[in-house]
Amino acid sequence: MTAMDINSVQSILRERLREVDERMTSACRRAGRQRAEVTLVAVTKSTTVEVAALLPELGVFDVGENRPQELWHKAAALPSSLRWHMIGHLQRNKIERTLPLVHLVHSVDSLRLLEALEAAAPPTPLQVLLEVNASRESNKHGFAPEQLTALVPKLTELRHVHVKGLMTMAALADDPESSRPTFAEARTLRDGLRQQLAVPHTLEHLSMGMTNDFEIAIEEGATLVRIGSALFGK
Ligand SMILES: *Cc1c(COP(=O)(O)O)cnc(C)c1O
């Protein structure tokens, strides 16, 4: 990209960030929440390293990728001030290379993966969210809502992995309102699990809401929204 291109990309990105931030602020206001309670995770999967490199100077440090290889690639090329969020399915053979790079794994979607992460025994505790299939779609990764309570004894035993909350995705739909029951259920599940667990498994986070439905997610308690196309286009 030429210098001029990158300048115009930067001003488009700045404007889109401003719009998303305004919408986040309004959703917080409607829900009686503070804007500081919700973190924007910019999902960079559909953009380039060059564009993602503009994010820190625009005040965005939390970035997410859904494919491990793409996260490795971008993390290697971008400043270490970025905090990487792994938001997609993590295959067990990709754990070793991914763990040193990530701030938070949103997508722990099976007991096998949870056990493999614990066994990997990272030198500093690994912060994770459990992905819950609150919309109950058969094609989705994640724990079934009914499975969570049975997991509690396992979670209590974790030493290297700290469970910081839940992540969910609503069913694809044109109307963002249709995501609300899924998000409300995720919050109820999180609240229930939080009562059964103790430090360091503090479950303060709810990662939910994407371009189409992040405002509804914030109204329902999201602390992390994962936004790609509203910032970088389709
Ligand atoms: C791509 C992706 C997002 C962002 O989706 P947009 O609709 O582009 O905002 C969020 N979460 C996950 C898990 C994704 O794969």
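Indexing begins at 1, ligand by ligand and atom by atom, following the structure's order.
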**Report entry** Heavy atom of the protein closest to atom 13 (C) of ligand 1 (residue, atom name, distance)
**Finding:** Ile87 O, 3.4 Å
Query raised in the report: Which residue supplies the protein heavy atom nearest to atom 9 (O) of ligand 1, what is that atom called, and how far is it?
Result: Thr211 OG1, 2.5 Å
Query raised in the report: Parallel, tilted or perpendicular for His141 and His89, by the 30°/60° rule?
Result: parallel
Query raised in the report: Ion pair present between Arg14 and Glu57, side-chain N to carboxylate O less than 4.0 angstrom?
Result: no
Report summary line: If we number the atoms of ligand 1 from 1 as shown, the ones under 4.0 Å from a heavy atom of Asn66 are 15 (O)
**Report entry** Residue, atom name and distance, where the atom is the protein heavy atom closest to atom 11 (N) of ligand 1
**Finding:** Arg226 NE, 2.9 Å
Query raised in the report: Does Ile227 have a non-hydrogen atom less than 4.0 Å from ligand 1?
Result: yes
Query raised in the report: Between Arg180 and Glu177, is there a salt bridge with N-O shorter than 4.0 Å?
Result: yes
Requested in this report: Examine Ser229 against ligand 1 and note whether any of their N/O atoms are separated by less than 3.5 Å.
Outcome: yes
Requested in this report: Indicate yes or no: does an N/O atom of Met169 lie under 3.5 Å from an N/O atom of ligand 1?
Outcome: no
Query raised in the report: Between Val161 and Met86, is there a shared hydrophobic cluster once you connect ILVMFWY residues whose side-chain heavy atoms come closer than 4.5 Å?
Result: yes
**Report entry** Contact partition for His106 relative to ligand 1, non-hydrogen atoms under 4.0 Å
**Finding:** neither
Query - Reported NE2-to-OG1 distance for the pair His205 and Thr39, which is rounded to 0.5 angstrom - result: 7.0 Å
Query raised in the report: What protein heavy atom sits nearest atom 10 (C) of ligand 1, and how far away is it?
Result: Met210 SD, 3.2 Å
Query raised in the report: Which heavy atom of the protein is the closest neighbour of atom 14 (C) of ligand 1, given with residue, atom name and distance?
Result: Lys45 NZ, 3.1 Å
